[in-house]
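Structure first, commentary second.
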Amino acid sequence: MARLMNSIALTVLLTGIITAQSLQSCGTAQYDSTQYTCFNNATLCPIVQGNAYRACGNACFSTTQYTCINATSSFLCPIINGQATVGCGGTLCYPLDGTYT
Ligand SMILES: *[C@@H]1O[C@H](CO)[C@@H](O)[C@H](O)[C@H]1NC(C)=O
Ligand SMILES: *[C@@H]1O[C@H](CO)[C@@H](O)[C@H](O)[C@H]1NC(C)=O
């Protein structure tokens with residue numbers, strides 16, 4: 001019984017150490033820095049399969065799929081077939097070569 005209690009105590013101790021090392025603060029939230037990135041001490045964005053998403057205002061996006069046009073309004077434009085699109089008027093996105101799809 002004493003051995004079992006020691007084992008539990010050790011597990012709790014080790015878990016506490018591991019948790020303390022990997023958790024960081026983002027504003028009032030705690031996060032695991034191996035799984036999230038904190039932006040402006042406020043917005044947490046996930047790391048998905050090694051791809052660290054970035055913040056566009058309150059929104060998170062993959063830089064391989066989107067470009068942040070306006071962080072204030074979290075306006076994003078998609079990257080289509082490897083080509084970035086640019087924003088127009090705060091709501092529309094169009095390719096730089098001028099072709100609409
Ligand atoms: C982040 O936000 C928390 C909670 O609002 C605050 O206590 C802390 O000082 C901030 N840290 C920075 C680096 O601004
Ligand atoms: C970004 O969005 C905000 C809020 O909608 C707007 O007031 C501002 O003019 C926009 N900035 C640009 C550069 O379009």
Side-chain angles (χ1 to χ4, degrees):
M1 192 59 185
R3 185 179 287 178
L4 178 64
M5 293 307 282
N6 279 341
S7 168
I8 291 170
L10 185 62
T11 303
V12 169
L13 182 67
L14 286 177
T15 304
I17 290 169
I18 292 165
T19 302
Q21 280 181 340
S22 60
L23 282 187
Q24 296 187 17
S25 292
C26 187
T28 55
Q30 298 268 294
Y31 72 103
D32 182 344
S33 60
T34 65
Q35 299 192 325
Y36 292 91
T37 312
C38 178
F39 293 91
N40 302 318
N41 197 25
T43 304
L44 284 173
C45 287
I47 299 169
V48 180
Q49 292 171 353
N51 180 10
Y53 282 41
R54 296 192 59 82
C56 185
N58 299 324
C60 297
F61 68 102
S62 164
T63 55
T64 64
Q65 295 178 316
Y66 289 95
T67 309
C68 180
I69 307 296
N70 187 339
T72 307
S73 58
S74 295
F75 175 41
L76 297 155
C77 281
I79 297 169
I80 300 168
N81 295 329
Q83 188 188 27
T85 55
V86 294
C88 180
T91 50
L92 292 170
C93 301
Y94 65 95
L96 267 179
D97 68 6
T99 57
Y100 284 85
T101 46

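All figures in this text were calculated on a predicted structure; none of them were measured in a lab. Each ligand, and each atom within it, is numbered from 1 in the order the structure gives.
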(Q) Does any N or O of ligand 2 fall below 3.5 Å from an N or O anywhere on Asn70, backbone included? (A)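 In this structure, Asn70 places an N or O atom under 3.5 Å from an N or O of ligand 2.
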Q. Got a sec, which residues hit side-chain contact (heavy atoms from CB on, under 4.5 Å) with Ala42, two or more places apart in sequence or on another chain?
A.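 Expected list: none.
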Q.
So does Thr72 get a backbone contact from the side chain of Asn70, meaning a donor-acceptor N/O pair under 3.5 Å?
A. yes
**Q.** Exercise: identify the closest heavy-atom pair between Ile79 and Thr67
**A.**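 Answer, listing the atom of Ile79 first, then Thr67: CG1-OG1, 4.0 Å.
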(Q) Using every non-hydrogen atom in the two residues, find where Thr85 and Cys93 come nearest and quote the distance to one decimal. (A) OG1-CB, 3.7 Å
Return a table of N or O atom pairs, ligand 1 on one side and protein on the other, at distances under 3.5 Å, rounded to 0.1 Å.
from	atom 1	to	atom 2	distance (Å)
ligand 1	2 (O)	Asn41	ND2	2.4
ligand 1	11 (N)	Asn41	ND2	2.8
ligand 1	14 (O)	Asn41	ND2	3.2

Q. Can you name the residues that form a side chain to side chain donor-acceptor pair (under 3.5 Å) with Gln65, not counting sequence neighbours?
A. none
Q) Is there any side chain to side chain donor-acceptor pair (under 3.5 Å) pair reaching into residues 36-55, and which pairs are they, with sequence neighbours excluded? A) Asn51-Ser62
